[in-house]
Amino acid sequence: MILEHIHQLHCVAEGENRKGGSSMANSVVIENAWVRTQGDRIIGFGPMGGQPEFPADEPRIDCSGCLVLPGFVDSHTHLVFARSREEEYVDRIRGLSYEEIARRGGGILNSARRLQAMSEEELLAGARLRAHEIMQKGTTTVEIKSGYGLTVEDELKMLRVARQLQYELPMTVRTTFLGAHAIPLKYKDQREEYIRLIVEDMLPKVAADGLADFVDVFCDEGFFTVEETAHILSQAAPYGLRPKIHANELANSGGVQVGIAHGALSVDHLERTGPVEIAALRDSDTIPTVLPGVSFFLGIDYAPARDMIDAGLPVAIASDYNPGSSPAGDLQFIWSLACTKMKLLPEEALVALTLNAAAALDLSHEVGSIEVGKRADLLVTEPMESLAQLPYYPARNQIEQVMIGGEWIK
Ligand code: NIG
Ligand code: FE
């Protein structure tokens, strides 16, 4: 398959497996370009005029006026959930905070009750719809967390659903075990018992069934402490589960430092992050992942992504698609928030949504840029002058065609 006469081919990278600081604004672009795929791989690209003779019968599409980008990588989602929580949304409009709703047994515990009552088939059907929704918007790789089960059986059920999506969908899927998402009400006064359940019961079963690629803990005020997080992460390490943790959303909790100390691939959220955390990240390989959909939806501060990039860090951006804090899986919308609210340049945000997000999943050798040998995950936009038109329109699907693993799914 040949895509030709592409107005701008945004390759994003040339050999790097992540980009930090000022290099994020210099993403690799070829004007008037072609790209060629074979099977599920990219096998060539370059400027028009310089291309080799292609067989006359090889399918071609004319991309005049359009941009071609790597597929988006959503490195942090809770895509498997039972149902929406719009009643809590209305409570928040009336003045309750996210934390107050959580303290009275709503929030994550509300989602857990609903998920526990739902069959695996029903759960899969809902998650599948959401997966198709985000593929239509340009997501070609997705990470999916557990964490609404909170019992051994229900955590396993969630992870089986996520794994099933990996088998049946063209998207690349990675799964994360988040048993430490909230303390169930029944363990309210004996939290160490729930942590024992996570470590002694859930982790070995998750590992034995090969259900998770990574481990996560909600390390924040009112959820899990730094010490509890350290314990869970160190118990997960022998199973080969690298951490990707929720940190510094509600308070400057020490989550960033504990994640770094345990070799986390990423620390995510970071709405409450200052110079000390930024300095710690500079001395590490951990990717800071920001989730502007949460700040938009909960009305809280945005993570200081601009300061992070100015400090040289390789920032990633993800949707956090979930029913409580970010019911938005559309990465074009998230891109727009990152530019408008966090003051990222359109090119910087593109790197954050592709290459750096792939690095946050340890997948940047496979996806996240347009390079020979990488997976043929490509997006074709509607005709536009420049990349800035994508975040400029916050609520319009400007991705006209989506190729995942060499096949057009849109
Ligand atoms: O990433 N912060 C923790 N967990 C999710 C929200 C979970 C929920 O409210 O359902 C998040 O924001
Ligand atoms: Fe999350």
Side-chain angles (χ1 to χ4, degrees), residues 74-89 91-92 96-116 123 126-127 130 142-150 154-155 158 162 174-184 214-224 228-229 243-251 253 255-256 259 264-273 287-303 316-329 331 334 337 357 360-361:
D74 199 343
S75 65
H76 180 142
T77 84
H78 307 251
L79 189 74
V80 177
F81 59 84
R83 54 149 286 195
S84 57
R85 301 210 307 257
E86 62 266 23
E87 66 290 355
E88 295 181 359
Y89 172 55
D91 285 343
R92 283 198 301 101
L96 280 183
S97 71
Y98 182 78
E99 288 95 322
E100 282 163 338
I101 292 169
R103 275 199 294 273
R104 33 171 231 196
I108 295 166
L109 298 180
N110 180 4
S111 280
R113 279 190 297 276
R114 284 166 166 161
L115 185 134
Q116 290 161 3
L123 201 54
R130 279 173 227 122
V142 69
E143 182 259 13
I144 305 175
K145 299 175 191 298
S146 69
Y148 293 130
L150 308 185
D154 294 298
E155 282 295 305
M158 270 191 95
R174 287 292 179 273
T175 60
T176 301
F177 169 56
L178 176 56
H181 199 191
I183 302 275
F214 309 113
V215 64
D216 192 348
V217 175
F218 187 7
C219 180
D220 223 317
E221 200 169 271
F223 291 85
F224 292 84
E228 290 164 348
T229 304
K244 289 176 63 61
I245 70 168
H246 282 74
N248 298 47
E249 174 188 5
L250 307 171
S253 57
V256 169
L265 272 170
S266 68
V267 286
D268 302 26
H269 271 288
L270 313 179
E271 290 85 351
R272 311 268 172 189
T273 299
I287 303 252
T289 298
V290 299
L291 311 169
V294 173
S295 302
F296 170 76
F297 190 69
L298 296 185
I300 63 174
D301 286 346
Y302 284 81
I317 300 173
S319 74
D320 199 11
Y321 195 2
N322 79 75
S325 68
S326 182
L331 287 177
I334 299 295
L337 288 179
L361 293 173

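Indexing begins at 1, ligand by ligand and atom by atom, following the structure's order.
- Judged by distance alone, the side chains of Asp320 and His76 do bring a donor and an acceptor atom under 3.5 Å apart.
- Applying side-chain hydrogen bond (donor to acceptor under 3.5 Å, both in side chains) to Asn322 and the options Ser319, Ser326, Ser325 leaves one that passes, Ser325.
- Looking at Asp320, its N, O or S atom nearest to the Fe ion (ligand 2) turns out to be OD1.
- Minimum heavy-atom separation, Ala251 to Asp220: N-OD1, 3.0 Å.
- Residue His269 does not count as close to the Fe ion (ligand 2), with no N, O or S atom under 2.8 Å.
- Vertex the Fe ion (ligand 2), arms ending at NE2 of His76 and NE2 of His78: the angle is 110° after rounding to 10 degrees.
- Open room surrounds CZ on Phe296; 12 or fewer heavy atoms of other groups in view lie less than 6.0 Å from it.
- Not a single N or O atom of Ser111, backbone or side chain, sits closer than 3.5 Å to an N or O atom of ligand 1.
- Nearest to atom 4 (N) of ligand 1 among the protein's heavy atoms is His181 NE2, 2.7 Å.
- Metal site remark for the Fe ion (ligand 2): Asp268 contributes no N, O or S atom at a distance under 2.8 Å.
- Asp320 OD2, 3.1 Å is the protein heavy atom nearest to atom 11 (C) of ligand 1.
- Ring-plane geometry between Tyr148 and Phe81 is classed as perpendicular, the angle between the planes exceeding 60 degrees on a 0 to 90 degree scale with a lower cut at 30.
- In this structure a side-chain-to-backbone donor-acceptor pair under 3.5 Å is missing from Glu271 to Ala303.
- The contact set between ligand 1 and Asn322, taken as ligand atoms under 4.0 Å from a residue heavy atom, comprises 6 (C), 7 (C), 8 (C), 9 (O), 10 (O), 11 (C), 12 (O).
- Looking only at heavy atoms of the protein, atom 2 (N) of ligand 1 is closest to Glu249 OE1, 2.8 Å.
- Looking at atom 12 (O) of ligand 1, its nearest protein heavy atom turns out to be Ser325 OG, 2.5 Å.
- Checked by atom type, the side-chain pair Arg272/Ser253 shows no donor-acceptor distance below 3.5 Å.
- If you number the atoms of ligand 1 from 1 as listed, the ones under 4.0 Å from a heavy atom of Arg85 come out as 8 (C), 9 (O), 10 (O).
- Within 6.0 Å of CD on Glu221 lie no more than 12 heavy atoms contributed by other residues, nucleotides or ligands.
- Between Glu88 and Leu96 the shortest side-chain heavy-atom distance does not fall below 4.5 Å.
- Short contacts between ligand 1 and His246, defined as distances under 4.0 Å to a heavy atom of the residue, involve ligand atoms 1 (O), 2 (N), 3 (C), 4 (N), 11 (C).
- Here is the list of ligand 1 atoms found below 4.0 Å of a heavy atom in Gly324: 8 (C), 9 (O), 10 (O).
- Taking a cut-off of under 4.0 Å to the non-hydrogen atoms of His76, the atoms of ligand 1 that pass are 1 (O).
- The line from CG of Leu291 to OG1 of Thr77 is 11.0 Å long, rounded to the nearest 0.5 Å.
- In the candidate list Phe81, Phe218, Tyr148, Tyr98, Tyr148 is nearest to atom 10 (O) of ligand 1, counting heavy atoms.
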